[in-house]
Number of protein chains: 4
Amino acid sequence: MRKLDPIKHDEKRREILEAAGRCFQRKGFKGSSISEICAEAGISPGHLYHYFGGKDAIIVAIAQSHLDALAERFHKTLAREEPIVDAIVAEINWLTPGDGVTKATLLFEVLAESTRSEAIARDLQSHSRSMRELVAKLLQKGQARGEIDPALDPETTAAVLISLMDGARALALRDREIDSHQAAAVYDLLIRRSVGWPRPAPMPSPLGDP
Amino acid sequence: MRKLDPIKHDEKRREILEAAGRCFQRKGFKGSSISEICAEAGISPGHLYHYFGGKDAIIVAIAQSHLDALAERFHKTLAREEPIVDAIVAEINWLTPGDGVTKATLLFEVLAESTRSEAIARDLQSHSRSMRELVAKLLQKGQARGEIDPALDPETTAAVLISLMDGARALALRDREIDSHQAAAVYDLLIRRSVGWPRPAPMPSPLGDP
Amino acid sequence: MRKLDPIKHDEKRREILEAAGRCFQRKGFKGSSISEICAEAGISPGHLYHYFGGKDAIIVAIAQSHLDALAERFHKTLAREEPIVDAIVAEINWLTPGDGVTKATLLFEVLAESTRSEAIARDLQSHSRSMRELVAKLLQKGQARGEIDPALDPETTAAVLISLMDGARALALRDREIDSHQAAAVYDLLIRRSVGWPRPAPMPSPLGDP
Amino acid sequence: MRKLDPIKHDEKRREILEAAGRCFQRKGFKGSSISEICAEAGISPGHLYHYFGGKDAIIVAIAQSHLDALAERFHKTLAREEPIVDAIVAEINWLTPGDGVTKATLLFEVLAESTRSEAIARDLQSHSRSMRELVAKLLQKGQARGEIDPALDPETTAAVLISLMDGARALALRDREIDSHQAAAVYDLLIRRSVGWPRPAPMPSPLGDP
DNA sequence: TATGAATGAGGCTTCATTCAT
DNA sequence: TATGAATGAAGCCTCATTCAT
């Protein structure tokens, strides 16, 4: 009846969300049942409905919180004030080790679900927009400093750079036999060579050019 | 006495698979029910089990056939005998128009499911491996011709290039407000600058450098 | 907070079991559907699964409880401390009236099912063993008292005597036109003459012998 | 359209019936599906309906043919013209070896089903009646010859003796650890002592009586 | 005679959700 | 706040049966 402790309430909500996240990672959104989530969270099914309006609400909340978590990670990396290119490379480096599968699953779940759920689509897009704007701003700063090719449209380039991270996640699932450090090195090179400025000098052709 | 046309049998199987594909695209693997699929295919629920052992078998078959379709598209593009870089860029260009959402959904569904289904994981990886090997071979050819940076490891580079296509698909869902042609141009530039050889000369800074 | 009455839980379980027992008696194990059982028990189909893991679990539980019931009846009869032979005869007498059909059905269902279900086979055999051992002990006592032929192996004889009760149940189904009291009298005579000791004197032939 | 060969027709029917019998033995009446039976018989489901009106018809036919087989066995034993008591003992001896389980299953299936199917109930009772009458006649003959206790009602005694065989089948399922030969010996003794005439002299007490 | 495609009802079970306590 | 009993719709699948060939 009375809100005894709104802080505890939020904490419980978070606990449930974490339990749900583990379930969803293992079995997917539709594959996880409310009772599985309750078991994982150690609460009763009835109780769960004090914290969430229904399964869809949980899914939306998980999608949000997962996107939040990714954004937060990214913000922390950016906070180190390195050149933006280094930050992106660092993110991709973080993705590549063996637990890439685990890290990637939920995002693809969210991407797929964004196709069906208007709410998730909105979340996804607003998150992406804010990350994109952040990156764009840094790119502009880099352009001002002469570190980034000024010919690039910051917004579009930002979107593409971010999409590279999704690609790296896909790679973790697709090519489990590819050495992750080598892959990271290729990404690094790919990014530096393409957006960097002044463009790195062409390496002398191994065949020798006159 | 009369063994009835195994051709018709295969055709029906394909029909059902197509119906299932449409459902899965709309509602996802777990979100599509057998009866929805049957309705879409215009058959009775019982009948479906003459053609597939169960829902999982359908999902696996769809995953396979979707990956096959993607591979086939890619092969066709490669068959044009352009430089590999152009082929990849062309693929990404194909992805970018407005129906990108539709084109992307099933792949993410498959990526997510590969986390849970051993069979799908195997399919995904073998498909990826064969695409990767193909691209790697072309990269080597390009290196021999002096079109591709010889410093790059072909296999790893191939994996990364392919992952760019997945990234482009993610971009279609994430950033629906980004102009797809501009994005394609950025991808193009990104790829050419990084793997191309002889490295394109640094463009003169638009700001003018002394 | 409040763990709800485990007693009520058990009671409900028993209620469902009783409903299932009635269904199984009417239609057999495989012939009774979960929804029939639910209707008989007055609960919803979903609810049944809070109490039983599945239909097989119900069948096993019914088999157990039916065997328990038979054993209990037998124990009560034995508790009257009559000679063992009288007890067996009394049991057979109880079986013979017109409702013999009803009484016999479930047992044959269990016997047939014991062929297919390892769990039921185990139950059946452990129940039989314990009844057999009980009877064997009483036979030994009878042998000590000179009431039972000491040449008989108690264990084997016990098994055979118990099997007579199954036979009597079969008779109820096979020969509905046979007078049950007469049959009981023949069983009585059969048992007394064969295991009794001192052997009853040969009756004088009614035809008279010189 | 035309009955090409009524003999072949009957033969096929028998083949199907045998296949069905094997299925029913393994899985029971309700537990065996038409398609299992078809697979076992090596025919198509549609074809089966040229020989039988439906599953129930097959069950009834199997029940009949199983009862027929049992009766035939019994007739053959009786044809040896031994005393009736020896014949019954021989039957029980045949039942007791280790494959008793296999031999018993179908009969219990039939007994249980006779509770639900009027047709099977009729079959069962008419078979039992005819066996009973046969045995009764032999008992009367034995009484005339002074081999059987003349005090026994032939019809009722016959029913009871036949029920002993059912009991022996139950014993095979209930008490798999009981030595079957010993059990057979006890049955033998049980029958001889009870219906035999002149009654075997009381054996001297092993303890010695004054 | 023989096949196997086709049906649709119904079986078992799971699930999201609600409600009394 | 917390429980778990309770519901009934729906999901996957199997089945007996029919029909065109």
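A note on names: the letters A, B, ... follow the listed sequences, proteins ahead of strands, and every chain is numbered from 1.
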Protein-to-nucleotide contact annotation, 5' to 3' order, nucleotides 10-15 of chain E [B base; S sugar-phosphate only; - none; under 4.0 Å, heavy atom]: -SSBBB
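Distance A:F52 CZ to F:dA2 P: 14 Å, rounded to the nearest Å. Here the P atom of nucleotide F:dG11 and the CD1 atom of B:I58 are 14 Å apart, to the nearest Å. Atom C1' of nucleotide F:dA5 and atom CG of C:L48 are separated by 13 Å, given to the nearest angstrom. If you measure from atom CD of B:E15 to atom C1' of E:dA5, you get 13 Å, rounded to the nearest angstrom. If you measure from atom NZ of B:K8 to atom C1' of E:dG4, you get 12 Å, rounded to the nearest angstrom. Rounded to an integer number of Å, the gap from CD1 of B:I37 to C1' of F:dC13 is 13 Å.
More than 12 heavy-atom neighbours from other residues, nucleotides or ligands sit within 6.0 angstrom of NZ on B:K103.
Here B:Y51 lies in heavy-atom contact (under 4.0 Å) with sugar-phosphate atoms only.
Without hydrogens or angle criteria, D:E11 side chain to D:I7 main chain gives no donor-acceptor distance under 3.5 Å. Between the side chain of B:Q25 and the backbone N or O of B:G21 there is no donor-acceptor pair closer than 3.5 Å.
Between A:E109 and B:R116 there is a salt bridge, with a side-chain nitrogen of the basic residue lying less than 4.0 Å from a carboxylate oxygen of the acidic one.
Mapping C:I43 and A:I43 onto DNA chain F by nearest heavy atom places A:I43 at the nucleotide closer to the 5' end.
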Given A:I37 and A:F24, is the side chain to side chain contact (heavy atoms under 4.5 Å, CB included) satisfied, shown in steps? CA-CA 9 Å; A:I37 294 171; A:F24 289 153; 3.9 Å; yes
Assess whether side chain to side chain contact (heavy atoms under 4.5 Å, CB included) is satisfied between A:E40 and A:I16, documenting all intermediate values. CA-CA 8 Å; A:E40 179 84 24; A:I16 295 174; over 6 Å; no
Please lay out, stage by stage, how B:F108 and A:T115 fare under the test side chain to side chain contact (heavy atoms under 4.5 Å, CB included). CA-CA 10 Å; B:F108 292 125; A:T115 288; over 6 Å; no
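Nearest heavy-atom pair across C:S44 and C:C38 is O-SG, 3.8 Å.
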Represent DNA chain F in dot-bracket notation, 5' to 3'. Only Watson-Crick or G-U wobble pairs with both distances under 3.5 Å count; pseudoknot-style crossings use [ ] and interstrand partners use |. .||||||||||||||||||||
List the atom pairs, with distances to 0.1 Å, where a side-chain N or O of residues 46-58 of chain A and a protein N or O form a donor-acceptor pair under 3.5 Å, not counting sequence neighbours.
residue, atom, partner, partner atom, Å
A:K55, NZ, A:F29, O, 3.1
A:K55, NZ, A:S32, O, 2.8

